[in-house]
Undergrad: 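Below are the structure tokens for one structure; questions will follow.
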Amino acid sequence: MYQLAVFCVLLALGYGFGRFAETRHYQSITRREKLFAELPTLSLRSAGEDEEAVFKTQFVSANVVISVDYFKRVAAALRGFFGGNVQAYESLVDRARREAVLRVKESCPGASHILNVRIETSSIHKGRGNGVGSVEVFAYGTAVYNAPD
Amino acid sequence: MIMTNIETVPGKAIISCFGVVSGSTVRTKHAGRDIMAGLKNIFGGELRGYTELLGESRDEAIRRMQQQASQLGANAIVNVRFSTSSVAAGAAEIYVYGTAVTVE
Amino acid sequence: MKFKPGIESLETDNVNVSHSSPVREFVTLLLGAFGILALIYAVSGLLIDKAVDWIDPKTEKALFSDLYNAFDDAESQTDASVTLQRLVDDLQQCLDPGYEITVNLTEDSSPNAFALPGGKMVVTQGLLDLVSSENGLAFVLAHELAHFANRDHLRGIGRGIVLAAMSAAVLGSDSGLDAIFAPASLAGQARFSRSRESQADQRALMALNCHYAHIGGATEFFEGLKRRGDAGDTAGTISHYFASHPDAQSRVDALSALGGDSGFAQGALRELPEALQ
């Protein structure tokens, strides 16, 4: 009985706070993406730039770990029973990837573009039965500056 | 030490090449962070403790790789790649490798 | 190569996430899972009942005898247990489960009695302390005999195994889902169990009337529980649905009603045998 009550409270808390955190995070992501819209991130190895114009290059990287909330975890477990798209986790990895790329951009505001952007996703708690559910996204690339910062 | 994750250093010519250099760290989180993360697991949101931990581990791995490159006499590392794996419960291995070169 | 940022057009529609309501998805899935589990449980319950009818007492005894080698005869040969055994043997002439029942007495202070597979009955010291007459004790023993005769102990164990296997196989252990399904399955099992208890009460009452020619003392055990105040007499509240036994008052009422309907007489109670006091 208590088990059920605790479960419902956790579920409601998870849904409420998780939803709140997600909305806020998305707001911040869209705002910052607009801010850095002019800094191109490319998955190309070369942007065909004029080699003479390059002032310096810099290796840039950033990471973010985002936790699932209780509601998402339970919803995903239910999904695991039936199979299909795990909707609850789609937004989680989407947020994490965009956040990581944004952090890369934020670490080199004066660059003209970032080459060869790679995004690596890992679950740091894989195979750890009752562990903390979270997803880590690590993004890295080569920032090219055409002028001093 | 110049680092890029493409085959060249834009604007500079590669003079000589030393082969693959690498750095790795295995780190585990500590209990305090685990408890906080457990709480966060109910509410959702970013796990700053883990973000920092993994960031530090990567910096450390990069530092080791750069050290190796300087030992060889290189002044740049090109084509840098990362790989992350969990070797044991709660411990993450960060491995970074690239090609040590000298540029003009 | 000219760079054209396309952020404005991507902002309104994110293709990488689903836009349907997570709560609706959650509720649909939950109801679906409940439905499937209820179906599995109902079907396996039927199969268990079939299997129980098919296993005869001899096979049952052979299957489960290994279980009890641990707590065997040395301790059970006290005066109390011999007297208890004799009482059970007498009662078996009125209510025969079809095979030999052996009684064990345990030191446990909470008043209770169990029917275990293989014809083993366990009576606690707490039960002997609670009842004040032989008739009262005989009713509880007859109730357990009725469980043996109805094969309820096997049905209960079978359902328990199905539930455990189901939650382990389907839900996994770390999903948090067992927190919803465990109480639900408990409630289902409790309802089943309460109906079996009422049936056992009825048979026990017949046996009591057959043995003593009256039904005096039948409600003694439940009255005792009520006095102790731990009988869960909270009919109407939600905990009622999770109790595996009907609450004491409703059992007393049911027994009195049945006794009246069948025209059973009340009579003088017999003292508890000295060895059991």
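Every chain is numbered from 1, with letters handed out A, B, ... down the list of sequences. Everything numeric in this text was worked out from a predicted model, so none of it was measured.
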Undergrad: So do the side chains of Val17(C) and Tyr26(A) get within less than 4.5 Å of each other, counting heavy atoms only?
TA: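 The answer is yes, as the side chains (C-beta and beyond) meet within the 4.5 Å cut-off.
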Undergrad: Does a sphere of radius 6.0 Å around CZ in Phe17(A) hold more than 12 heavy atoms from other residues, nucleotides or ligands, not counting ones at 6.0 Å or beyond?
TA: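 Open.
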Undergrad: For the CG atom of Asn16(C) and the CZ atom of Arg95(A), what is their distance to the nearest 0.5 Å?
TA: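 It is 14.0 Å, given to the nearest 0.5 Å.
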Undergrad: Using non-hydrogen atoms only, which part of Leu92(A) is less than 4.5 Å away from chain C: side chain, backbone, both, or neither?
TA: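 The answer is neither part of Leu92(A).
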Undergrad: Just to verify, what does Arg79(A) make a side-chain hydrogen bond (donor to acceptor under 3.5 Å, both in side chains) with, not counting sequence neighbours?
TA: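 Arg79(A): side-chain hydrogen bond (donor to acceptor under 3.5 Å, both in side chains) contacts with Glu25(C).
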Undergrad: Checking the side chain of Gln87(A) only, and the main-chain atoms of Ser18(C) only, is there a donor and an acceptor separated by less than 3.5 Å?
TA: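 No, Gln87(A) side chain to Ser18(C) backbone: no donor-acceptor pair under 3.5 Å.
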Undergrad: Nearest heavy-atom pair of Leu78(A) and Ala33(C): which atoms, and what distance?
TA: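 Closest heavy-atom pair between Leu78(A) and Ala33(C): CD2-CB, 4.0 Å.
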Undergrad: Given side chains that start at C-beta, do those of Pro22(C) and Arg19(A) come closer than 4.5 Å, heavy atoms only?
TA: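 Pro22(C) vs Arg19(A): side chains touch.
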Undergrad: Quick one: CD1 on Ile36(C) to CZ on Phe82(A), what's the gap to the nearest 0.5 Å?
TA: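 Rounded to the nearest 0.5 Å, the CD1-CZ separation comes out at 4.0 Å.
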Undergrad: Hey, is CZ on Arg24(A) packed in by over 12 heavy atoms from elsewhere, all under 6.0 Å?
TA: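 Open: at most 12 neighbouring heavy atoms sit under 6.0 Å from CZ of Arg24(A).
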